Amino acid sequence: RSTNVSNLLSDYNLTTSLNVSLENENVDTFDIIIKFPGLNDLKIDTIGLISNVTIFNGNRKSPALWSKSGKVKMVKLLHNKVVLGCTELKDTYKYQSISISNPVMLLRGKIDTISVLVKSLYNDEKEYSLSEIKLEGERYY
């Protein structure tokens, strides 16, 4: 529903946020596409490893806005449509790091998709905000 999803969720600016509405109790999905063009000539097959997904929950433009904004409670993580796990986020101003029990290997010449599914919200709200979603791990190139 938003044309600037990736700009708002990965701009390293916690004063911007994506503000959306979860309608009819549907699940919202945010896909992070990982593509490494021009790396096919490397001698290694594994070019990276994703071990965590970090989420800044709520509108962090100010503490007052954050306390009023809807926050995500339950998320499910997927890698190329395969479930990595489901977790409950805390209702906290601090960033939260979700550990992936079996880290995702990024392979040379392959396009990967990490999906973050918003399953439920705190306080039965319909609108929520996310400030950032980041992938953490290791690079091998």
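Since this is a predicted model, take the numbers as computed values, not measurements.
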Heavy atoms only: give me the nearest S131-G58 pair and the separation to one decimal.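 Smallest interatomic distance, heavy atoms only, reads OG-O, 2.7 Å.
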To check you understand the geometry: which heavy-atom pair defines the closest contact between S129 and S69, and what is its length?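 Distance-wise, the nearest heavy atoms are OG-CB, 4.0 Å.
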Nearest 0.5 Å, please: how far is [atom2] in [Y] from [atom1] in [X]?
X: E88; Y: S120; atom1: CD; atom2: OG; answer: 7.0 Å
X: M105; Y: E138; atom1: CE; atom2: CD; answer: 12.0 Å
X: Y95; Y: I133; atom1: OH; atom2: CD1; answer: 16.0 Å
X: I114; Y: I50; atom1: CD1; atom2: CD1; answer: 4.5 Å
X: K119; Y: C86; atom1: NZ; atom2: SG; answer: 6.0 Å
X: L78; Y: S115; atom1: CG; atom2: OG; answer: 5.5 Å

Can any side-chain N or O of Q96 pair as donor or acceptor with the backbone N or O of N57 at less than 3.5 Å?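 Not at all, since once roles are kept as given, no pair shorter than 3.5 Å links the two residues.
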With side-chain contact (heavy atoms from CB on, under 4.5 Å) as the test, would you mind laying out the steps for K110 and N80 before giving the verdict? CA-CA 11 Å; K110 187 176 172 201; N80 295 337; 3.7 Å; yes
Tell me whether [Y] is reachable from [X] by hopping between hydrophobic residues (I, L, V, M, F, W, Y) whose side-chain heavy atoms are closer than 4.5 Å.
X: L130; Y: Y122; answer: no
X: M74; Y: Y128; answer: no
X: L77; Y: L89; answer: yes

Please name the residue in the list T87, V116, T54 that meets the side-chain contact (heavy atoms from CB on, under 4.5 Å) test with I98.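 Per the side-chain contact (heavy atoms from CB on, under 4.5 Å) rule, the option paired with I98 is T87, out of T87, V116, T54.
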Give me the ring orientation class for W66 and Y93: parallel if the planes are under 30° apart, tilted from 30 to 60°, perpendicular past 60°.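 W66 and Y93: perpendicular rings.
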What I'd like to find out is whether the side chain of K76 reaches to under 4.5 Å of the side chain of V83, using heavy atoms alone.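 Of all side-chain heavy-atom pairs linking V83 with K76, at least one is under 4.5 Å.
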Could you walk me through whether K73 and L121 pass side-chain contact (heavy atoms from CB on, under 4.5 Å), step by step? CA-CA 5 Å; K73 182 176 184 179; L121 308 176; 5.5 Å; no
Kindly indicate, with the supporting measurements, whether the criterion side-chain contact (heavy atoms from CB on, under 4.5 Å) is fulfilled by I100 and V53. CA-CA 8 Å; I100 300 172; V53 176; 4.2 Å; yes
